[in-house]
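For reference, the structure is listed below as structure tokens.
No experiment lies behind these values; they were computed from the predicted model shown.
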Amino acid sequence: MMLIPAHHFRDIERKPEYLQPEKCIPPPDSRPAGTMWFIRDGCGIACAIVTWFLVLYAEFVVLFVMLIPSRDYVYSAINGLVFNLLAFLALASHCRAMLTDPGAVPKGNATKEFIESLQLKPGQVVYKCPKCCSIKPDRAHHCSVCKRCIRKMDHHCPWVNNCVGENNQKYFVLFTMYIALISLHALIMVGFHFLHCFEEDWTKCSSFSPPTTVILLILLCFEGLLFLIFTSVMFGTQVHSICTDETGIEQLKKEERRWAKKTKWMNMKAVFGHPFSLGWASPFATPDQGKADPYQYVV
């Protein structure tokens with residue numbers, strides 16, 4: 001019989017008779033079938049609103065403080081187009097990451113009928129979540145905020161008010177990438193704007209007064225630098241996690257690898273879709289991950 005790490009014992013039931021399916025009454029699910037996935041968490045909703053506010057603030061400063069007052073129309077048009085496109089993709093990625101089911105396991109599926117349908121072999125180990133009364137697939141973990149077991153759960157992110165899991169990791173990666181890009185773009189434009197204004201009259205640099213302009217630019221610079229560092233680190237962490245096919249929780253718990261090892265390229269395609277295309281960079285393209293069995297158990 002295989003040995004299981006100690007932190008698994010609270011979740012694992014080794015024999016079907018100890019699963020106690022007769023005690024599993026499906027928990028009430030307030031979401032009717034077919035409704036949009038949305039987590040009603042006050043902290044997460046507040047963080048999501050702050051995220052949108054900060055992006056819209058950057059949009060306001062870039063357009064009305066730096067680009068529109070500029071007399072270089074080509075410079076304003078090109079940078080305005082690039083910044084607005086990146087901001088739109090960032091917010092679209094945020095919405096997809098927030099409103100996509102990350103891979104929730106059905107509640108209350110630890111019933112006698114379902115256990116019998118699994119046709120478990122002698123010595124086979126399955127996971128049971130006592131909180132949502134579910135038989136969990138391998139690599140699934142319970143989220144106390146979402147109140148669900150999530151397949152390949154990496155972490156719960158309050159900034160997108162959702163878990164990052166099997167079905168929405170692509171959108172979270174795109175969100176961090178586009179936020180990092182618009183932060184970098186904004187910082188570069190702020191630098192050019194300061195240099196330009198030091199050479200000319202400050203009253204010609206903006207439609208706002210010089211003190212107001214300086215305050216708005218400094219706040220944008222601080223915001224851009226902070227989010228550039230934060231999202232760049234998150235983007236790099238997520239890409240590394242995808243390439244190694246090891247979620248953040250699995251790395252934190254140092255869980256023993258019980259799944260097949262694949263190449264980095266195959267792991268990337270498993271998250272962003274088959275085959276490689278421009279759709280990888282689009283939050284509107286749903287990745288084709290193939291027909292993977294959501295219920296995989298350890299033998």
Do the side chains of [Y] and [X] get nearer than 4.5 Å, heavy atoms only?
{"X": "Tyr178", "Y": "Leu91", "result": "no"}
{"X": "Val173", "Y": "Ile242", "result": "yes"}
{"X": "Met234", "Y": "Ile179", "result": "no"}
{"X": "Val233", "Y": "Thr237", "result": "yes"}
{"X": "Cys133", "Y": "Lys107", "result": "no"}
{"X": "Thr286", "Y": "Arg96", "result": "yes"}
{"X": "His155", "Y": "Ile249", "result": "no"}
{"X": "Gln169", "Y": "Thr247", "result": "no"}

Take Met268 and Cys243 through the side chain to side chain contact (heavy atoms under 4.5 Å, CB included) test and state the conclusion after the steps.
-> CA-CA 6 Å; Met268 290 290 288; Cys243 290; 4.1 Å; yes
Applying the 4.5 Å side-chain criterion to the ILVMFWY set and letting contacts propagate, would [X] and [Y] be lumped into a single cluster?
{"X": "Val82", "Y": "Tyr73", "answer": "no"}
{"X": "Met36", "Y": "Ile49", "answer": "yes"}
{"X": "Val239", "Y": "Tyr171", "answer": "no"}
{"X": "Leu89", "Y": "Phe83", "answer": "yes"}
{"X": "Ile150", "Y": "Val105", "answer": "no"}

Enumerate, atom names and distances included, each donor-acceptor pair closer than 3.5 Å involving a side-chain atom of residues 52-66, sequence neighbours excluded.
| unit_1 | atom_1 | unit_2 | atom_2 | d |
| --- | --- | --- | --- | --- |
| Trp52 | NE1 | His94 | ND1 | 3.2 |
| Tyr57 | OH | Leu216 | O | 3.0 |
| Glu59 | OE2 | Asn84 | ND2 | 3.4 |

Given side chain to side chain contact (heavy atoms under 4.5 Å, CB included), test Phe38 with Met98 step by step and report yes or no.
-> CA-CA 7 Å; Phe38 182 75; Met98 180 171 60; 4.3 Å; yes
Non-hydrogen atoms of [X] and [Y] that approach each other most closely:
{"X": "Arg151", "Y": "Ala104", "result": "NH1-O, 3.8 Å"}
{"X": "Ser134", "Y": "Pro106", "result": "OG-O, 2.8 Å"}
{"X": "Pro102", "Y": "Asn168", "result": "CB-OD1, 3.6 Å"}
{"X": "Met266", "Y": "Lys262", "result": "CB-CB, 4.1 Å"}
{"X": "Pro158", "Y": "Cys47", "result": "O-CB, 3.2 Å"}
{"X": "Thr244", "Y": "Ser241", "result": "OG1-O, 3.3 Å"}

At what distance, to the nearest 0.5 angstrom, does [atom1] of [X] lie from [atom2] of [Y]?
{"X": "Asp41", "Y": "Cys146", "atom1": "CG", "atom2": "SG", "result": "8.0 Å"}
{"X": "His193", "Y": "Leu67", "atom1": "NE2", "atom2": "CG", "result": "9.0 Å"}
{"X": "Glu223", "Y": "Leu187", "atom1": "CD", "atom2": "CG", "result": "9.5 Å"}
{"X": "Met153", "Y": "His142", "atom1": "CE", "atom2": "NE2", "result": "9.0 Å"}
{"X": "Lys131", "Y": "Ser144", "atom1": "NZ", "atom2": "OG", "result": "6.5 Å"}
{"X": "Arg139", "Y": "His141", "atom1": "CZ", "atom2": "NE2", "result": "9.0 Å"}

Using distance only, find each side-chain donor-acceptor pair of residues 225-232 under 3.5 Å and give its atom names and separation, not counting sequence neighbours.
| unit_1 | atom_1 | unit_2 | atom_2 | d |
| --- | --- | --- | --- | --- |
| Thr231 | OG1 | Ala180 | N | 3.4 |
| Thr231 | OG1 | Phe227 | O | 2.4 |
| Ser232 | OG | Leu228 | O | 2.5 |

Do Trp37 and Asn162 have a side chain donor and acceptor closer than 3.5 Å?
->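 Checked: Trp37/Asn162 side chains pair up, N/O donor to acceptor below 3.5 Å.
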Please test Asn79 against His185 for side chain to side chain contact (heavy atoms under 4.5 Å, CB included), starting from the C-alpha separation and ending with a verdict.
-> CA-CA 9 Å; Asn79 281 280; His185 190 197; 2.8 Å; yes
Given Lys170, which of Phe272, Trp280, Phe175 fulfils the side-chain contact (heavy atoms from CB on, under 4.5 Å) condition?
->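 Of the listed options, the one satisfying the test is Phe272.
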Check whether more than 12 heavy atoms from other residues, nucleotides or ligands sit under 6.0 Å from atom OH of Tyr75, and answer yes or no.
-> yes
Using a strict 4.0 Å threshold on nitrogen-to-oxygen distance, state whether Asp245 and Lys152 make a salt bridge.
->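 Looking at Asp245 and Lys152, the cut-off is met.
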